[in-house]
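Proteins get letters first, then strands, A, B, ... in listed order; numbering begins at 1 in each.
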2 protein chains.
Amino acid sequence: MTVTTDDRPDLAAMLLWLTRALIDAEEPVLAANDLTMWAYSVLTALATGPTRTQAALARAIRADKTRIIPVLDDLQERGLIERQPDPADRRVRLLAITPAGRRAFARTRAGIRAGEERVLALLPAADRRAFLRTLRALSDVDDVAAIAQPRSTG
Amino acid sequence: MTVTTDDRPDLAAMLLWLTRALIDAEEPVLAANDLTMWAYSVLTALATGPTRTQAALARAIRADKTRIIPVLDDLQERGLIERQPDPADRRVRLLAITPAGRRAFARTRAGIRAGEERVLALLPAADRRAFLRTLRALSDVDDVAAIAQPRSTG
DNA sequence: TATTGTTATACTCTATAACTATA
DNA sequence: TATAGTTATAGAGTATAACAATA
C-alpha cells in the first residue's frame with residue numbers, strides 16, 4: 001500500500017472540537033468578569049507582551065485592526081487600559097494596561113486556568129507535560145498554514 | 001505560593017491559533033475538490049460512521065439541523081450522496097454516500113492528510129505519536145466543557 | 001505614497017421561529 | 001404531544017472600503 005490511512009479523525013477536526021469545548025467552558029468565567037473573549041485577549045496581550053500601538057496589538061492577537069476598536073473603547077471607559085497619543089508619532093495611540101486592568105486580567109486568567117487544569121487532570125502527568133510542550137512548539141511555529149501547503153519550500 | 005502560573009499562553013489560545021492555521025491551509029484542498037468544509041464534514045461522517053438520518057448526522061458533526069440542509073441538497077444534486085425516504089418512518093430521510101462521493105472523500109482526505117503530515121513532520125517521531133495519542137484521548141472525552149466547569153462532579 | 005486610527009457598510013455565518021408531515 | 005425535515009428571517013460576527021490625520 002502506498003498511503004497509511006490512520007484510523008483517526010482529521011487533526012483539524014479533533015483540534016476544532018476540543019478548542020470549541022474549551023472556549024464554551026471559558027464563557028461563564030469571562031462573563032463573571034465582565035469581559036468578552038476579545039477583551040480578555042487584549043488584556044492578555046497588554047499584560048504579558050511588549051505591545052504598544054493598536055496596529056501591533058491587532059497583529060499580536062490576530063484580529064483585524066477595525067475589529068478591536070470598540071473593544072478598546074470599552075476597556076478604556078472602564079479604566080482597564082489607557083490610550084495616549086505618541087509624542088513621537090502623532091498618528092499612533094500608545095496602549096497600556098492599568099493596575100485595575102492587571103487585576104481583572106489576573107482574576108480572569110486564574111479562572112480560565114482552573115478550568116483548563118480540570119481538563120488536563122484527565123491525563124497522566126507525563127502525557128500532560130508532553131502534550132503542553134508539543135502544543136506550545138506547534139503554536140510557536142511562524143506560519144503553520146504555509147508549511148501545510150505543498151511546495152512551500154519551493 | 002498557592003498557584004503555579006505557567007509561563008505559557010492559555011491552552012485554548014494555543015489550540016485556537018493552531019486550529020485556524022490548519023483550517024486555513026485546508027481551504028485550497030477543499031476548493032480544489034469543490035467541497036466546503038461542511039460538505040467535507042458530511043462526507044466524512046457518512047463515509048466513516050453509521051450515520052443514517054439527517055438529525056443523527058447533524059449531531060455527529062455538531063451542526064444545527066437547519067445548517068446542513070443546503071449542503072445535503074448540493075451533495076445530492078452532484079451525486080455524491082443519496083437521500084431516500086425511510087419506509088419504516090416516513091418522516092425520516094435515510095442518507096448514504098455514493099461511490100462517487102466515496103471517491104471525492106478519499107481524494108480530499110488524502111490532500112488534507114498530506115498537509116497535516118507536513119506540519120506533524122516538524123515534530124520528533126516520539127513527540128508526534130504522543131501528541132496524536134493525547135489529542136485523540138481529549139477529543140474522545142464526552143463533555144470537555146462540563147469537566148472544565150467548577151463543581152461539575154456536584 | 002504609505003501608515004495609523006476611525007467609521008460605516010456590506011457580507012457571511014449561524015441560530016431562531018414557524019411550518020408540514022408524520023409518529 | 002413530540003419528532004424529522006424544511007424554509008424564511010433575524011441576529012451576530014467579520015471583513016471591506018473609504019476617510020482624516022500624519023509620516
Side-chain angles (χ1 to χ4, degrees), chain A residues 12-13 16-17 19-21 23-24 26-28 30-31 34-42 45-46 49-77 81-96 145, chain B residues 12-13 16-17 19-21 23-24 26-27 30-31 35-42 45-46 49-77 81-96 145:
Chain A
L16 185 59
W17 296 337
T19 305
R20 279 197 189 151
I23 288 177
D24 285 351
E26 291 175 2
E27 202 50 57
L30 292 170
D34 279 306
L35 293 174
T36 63
M37 189 183 59
W38 286 113
Y40 175 65
S41 214
V42 166
L46 295 180
T51 301
R52 287 285 165 268
T53 73
Q54 294 185 195
L57 173 64
R59 278 190 298 272
I61 66 177
R62 281 110 155 144
D64 193 273
K65 63 178 180 173
T66 68
R67 185 85 198 58
I68 58 173
I69 291 177
V71 180
L72 297 177
D73 291 343
D74 176 64
L75 290 174
Q76 183 179 23
E77 247 175 48
I81 67 168
E82 280 177 350
R83 271 200 283 198
Q84 293 183 340
D86 181 352
D89 181 344
R90 284 157 60 205
R91 293 172 304 182
V92 166
R93 307 182 72 176
L94 295 174
L95 302 171
Chain B
L16 184 60
W17 296 337
T19 305
R20 280 196 190 152
I23 288 178
D24 285 353
E26 290 174 2
E27 201 50 57
L30 292 170
L35 293 174
T36 63
M37 189 183 57
W38 285 113
Y40 175 65
S41 215
V42 166
L46 295 180
T51 302
R52 287 284 165 270
T53 74
Q54 295 186 194
L57 172 62
R59 277 191 299 273
I61 65 176
R62 283 111 154 141
D64 193 272
K65 63 178 180 172
T66 67
R67 183 85 200 55
I68 57 172
I69 291 178
V71 179
L72 297 178
D73 290 345
D74 175 64
L75 289 174
Q76 184 178 22
E77 247 175 50
I81 67 168
E82 281 177 350
R83 272 199 283 199
Q84 293 184 342
D86 181 352
D89 181 344
R90 283 158 61 209
R91 294 173 302 181
V92 166
R93 308 181 70 175
L94 295 175
L95 303 171

D/dG5, C/dG5, C/dT6: which one has an atom nearest the side-chain heavy atoms of A/Arg83? C/dT6
Heavy atoms of A/Ala145 and B/Ala21 approach each other most closely as CB-O, 3.6 Å
Whole angstrom value for the distance that separates C1' of D/dG13 from CD1 of A/Ile69: 16 Å
Atom-pair distance (CD on B/Gln54; P on C/dT20), nearest Å: 19 Å
CZ of B/Arg52 versus P of D/dA4: gap in Å, rounded? 16 Å
Distances for protein N/O vs nucleotides 21-23 of chain D N/O pairs under 3.5 angstrom?
residue: D/dT22; atom: OP1; partner: A/Arg90; partner atom: NH2; Å: 3.4
residue: D/dA23; atom: OP1; partner: A/Arg90; partner atom: N; Å: 2.9

May I have the list of side-chain donor-acceptor pairs in residues 49-63 of chain A shorter than 3.5 Å, sequence neighbours left out?
residue: A/Thr53; atom: OG1; partner: A/Ala56; partner atom: N; Å: 3.1
residue: A/Gln54; atom: OE1; partner: A/Arg83; partner atom: NH1; Å: 3.0

What residues, two or more places apart in sequence or in another chain, satisfy side-chain hydrogen bond (donor to acceptor under 3.5 Å, both in side chains) together with B/Asp86? none
Distance in angstrom units between B/Glu27 CD and C/dT12 C1', rounded: 13 Å
Residues in side chain to side chain contact (heavy atoms under 4.5 Å, CB included) with B/Ala39, at least two apart? B/Leu35, B/Thr36, B/Val71, B/Leu75
Residues that B/Glu27 engages under side chain to side chain contact (heavy atoms under 4.5 Å, CB included), provided they are two or more places apart: B/Leu30
Could you tell me how far apart A/Arg93 (CZ) and D/dA20 (P) are, to the nearest whole angstrom? 18 Å
Is the shortest side-chain N/O distance from B/Trp38 to OP1 or OP2 of C/dT14 below 4.0 Å? yes
Please table the atom pairs, donor to acceptor, closer than 3.5 Å between any side-chain atom in residues 87-95 of chain B and protein atoms at least two apart or in another chain.
residue: B/Asp89; atom: OD1; partner: B/Arg91; partner atom: N; Å: 3.1
residue: B/Asp89; atom: OD1; partner: B/Arg91; partner atom: NE; Å: 3.2
residue: B/Asp89; atom: OD2; partner: B/Arg91; partner atom: NH2; Å: 3.0

Could you list the residues that satisfy side-chain hydrogen bond (donor to acceptor under 3.5 Å, both in side chains) with B/Asp24, not counting sequence neighbours? none
Separation of A/Ile81 CD1 from A/Asp73 CG (nearest 0.5 Å): 8.5 Å
So, using side chain to side chain contact (heavy atoms under 4.5 Å, CB included) as the criterion, who are the partners of B/Leu16 when residues are at least two apart? A/Thr19, A/Ile23, B/Arg20
Which residues, if any, of residues 56-68 of chain B bring a heavy atom under 4.0 Å of DNA chain D? B/Lys65, B/Thr66
Give the rounded distance in Å between these two atoms: CG of B/Leu72 and P of D/dG5. 9 Å
d(CG, B/Leu16; P, D/dG13) in whole Å: 15 Å
